[in-house]
Amino acid sequence: MTLLSVNFPGSRRVHPNRPWEGSNMPMSPRHRLQRAWGLGLLLIVGIAAQALGAETSRQDCEKSYKPSTGQPGKDVVWVPTNDPLVTRMLEMARVGKSDLVYDLGAGDGKIAIAAAKQFGARAVGVEYNPEMAQLAQCFVRAEGVADKVKVIQGDIFETDFSAANVVTLYLLPELNLKLRPTLLKMKPGTRVVSHSFLMDDWRPDESSVSTDGSAYLWIVPADVSGKWTFKQQRGQDSFDVKLVQTFQKLSGKVGKGSDDVTNAEVRGNQVEMMFSEGDVHTRLKGELKGNRIEAQVTRNDSTSTYIGTRS
Ligand SMILES: C[S@@+](CC[C@H](N)C(=O)[O-])C[C@H]1O[C@@H](n2cnc3c(N)ncnc32)[C@H](O)[C@@H]1O
């Protein structure tokens, strides 16, 4: 800021708005108030600049703690996911602005930070090692995403992450398996992405393997098992199917039980199946809404809306 000043011949430099400076002139009450406001404002700006971490850099963060790859963690060591794979994992989960991403075992917070910086999401990292969690939180500030990301120190097996709609993991097969019951209870449609490790017999919905490493995506399936009656919304047609569900895979029988349901699966709340009765071929694509399935059913060449109810 440039300060305007006027010079009175034979006098010291005097500021046009602060004539008392550098002089013995008594201050008027208005000027006293102005000065108080000015000082208060400076103080506030200073504090704000510091609080915004105006200039905490990643190097500053590492001054108090610098982790090393492979260092022990509570249930698994720290090894960071490489940058291209972080991006790919978040792309596979189709992360967007409206998502809340939880990285379980967050390390230095890089997945949570990338979710906010690259995809505009909100994110929470859960990290057991307190120094690591503090470092990750410092990186969050250094990267300027403190309004979207927080890193909490805690045990992933004792933390409630049910608010998430995306969960990222780089743990171990046995830890994935231990988390599996909790993941399967999350909202249908929640995306789970794991670096390197699988979920035993819960097969991934998508896999991506490249020189950067492997990543797997699961979409938490709704429970659609049971006996369903589908009725045409504007018509008389109806049919029954009995569905057996193993994770996202469905099998089952049609009507009184002689024809098999094929190509059947559930992806979040989306349900798909096919079956044939004699020479009538049926293809169903629907969505679970509450306890009903609203479906488009194509029987031979004609498509119409059916509503399924579960008994
Ligand atoms: C392989 S690193 C992955 C770090 C990060 N998610 C990434 O992909 O870059 C696993 C992290 O989990 C942490 N960890 C291990 N057991 C944990 C537990 N029970 N709760 C929370 N964090 C844990 C470790 O300290 C380590 O930082």
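In listed order, ligands and their atoms are each counted from 1.
The existence of a salt bridge linking R180 and D201 is confirmed by a sub-4.0 Å separation between a basic side-chain nitrogen and an acidic carboxylate oxygen. The pair K253-D259 fails the salt-bridge criterion, with no side-chain N (NZ, NE, NH1 or NH2) lying under 4.0 Å from an Asp/Glu carboxylate O.
Residue D155 has at least one N or O atom closer than 3.5 Å to an N or O atom of ligand 1. No N or O atom of K110 sits closer than 3.5 Å to an N or O atom of ligand 1. Polar contact with ligand 1: present for E127 (N/O pair, distance under 3.5 Å). The distance criterion of under 3.5 Å between nitrogen or oxygen atoms is not met by I111 with respect to ligand 1. Considering backbone and side-chain atoms alike, Y170 places every N or O at 3.5 Å or more from each N or O of ligand 1.
Taking a cut-off of under 4.0 Å to the non-hydrogen atoms of G73, the atoms of ligand 1 that pass are 25 (O). Residue contact check: D103 has heavy atoms under 4.0 Å from atoms 5 (C), 6 (N) of ligand 1. Each of the following atoms of ligand 1 lies closer than 4.0 Å to a heavy atom of V76: 10 (C), 12 (O), 15 (C), 16 (N), 24 (C).
The single protein non-hydrogen atom nearest to atom 22 (N) of ligand 1 is Y128 N, 3.1 Å, given as residue, atom name and distance. Scanning all protein heavy atoms for the shortest distance to atom 16 (N) of ligand 1 gives D75 N, 3.0 Å. At the top of the distance list for atom 20 (N) of ligand 1, counting protein heavy atoms only, stands I156 N, 3.0 Å.
Comparing N129, T81, L175 by heavy-atom distance to atom 8 (O) of ligand 1, the nearest is T81. The closest heavy-atom contact to atom 6 (N) of ligand 1, among the options P80, G107, G105, A133, comes from G105.
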Please step through side chain to side chain contact (heavy atoms under 4.5 Å, CB included) for the pair V192 and V220, ending with a clear verdict. CA-CA 8 Å; V192 180; V220 173; 4.3 Å; yes

Test E294 against K285 for salt bridge (charged side-chain N to carboxylate O under 4.0 Å, His left out), laying out the working first. CA-CA 8 Å; E294 286 180 23; K285 273 187 167 199; over 6 Å; no

Verdict with supporting geometry, K66 and E131, salt bridge (charged side-chain N to carboxylate O under 4.0 Å, His left out): CA-CA 9 Å; K66 194 162 180 166; E131 288 170 307; over 6 Å; no

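Note: Y170 and H195 have parallel aromatic rings, judged against thresholds of 30 and 60 degrees for the angle between ring planes. Using the six-membered ring where Trp is involved, F239 and F230 have ring planes that are parallel, under 30° apart on the 30 and 60° scheme.
K178 forms a cation-pi arrangement with F157, by the criterion of a distance under 6.0 Å to the ring centre and an angle within 45° of the ring axis.
Neither the backbone nor the side chain of H195 comes within 4.0 Å of ligand 1, counting heavy atoms alone.
For the ligand labelled ligand 1, residue G154 lies inside the 4.0 Å heavy-atom shell. Heavy-atom distances between V77 and ligand 1 reach below 4.0 Å in at least one pair.
Side-chain contact of N165 with T190: a donor-acceptor pair under 3.5 Å is absent, judged by distance alone.
We find the CG-OG distance between L198 and S214 to be 7.5 Å, quoted to the nearest 0.5 Å.
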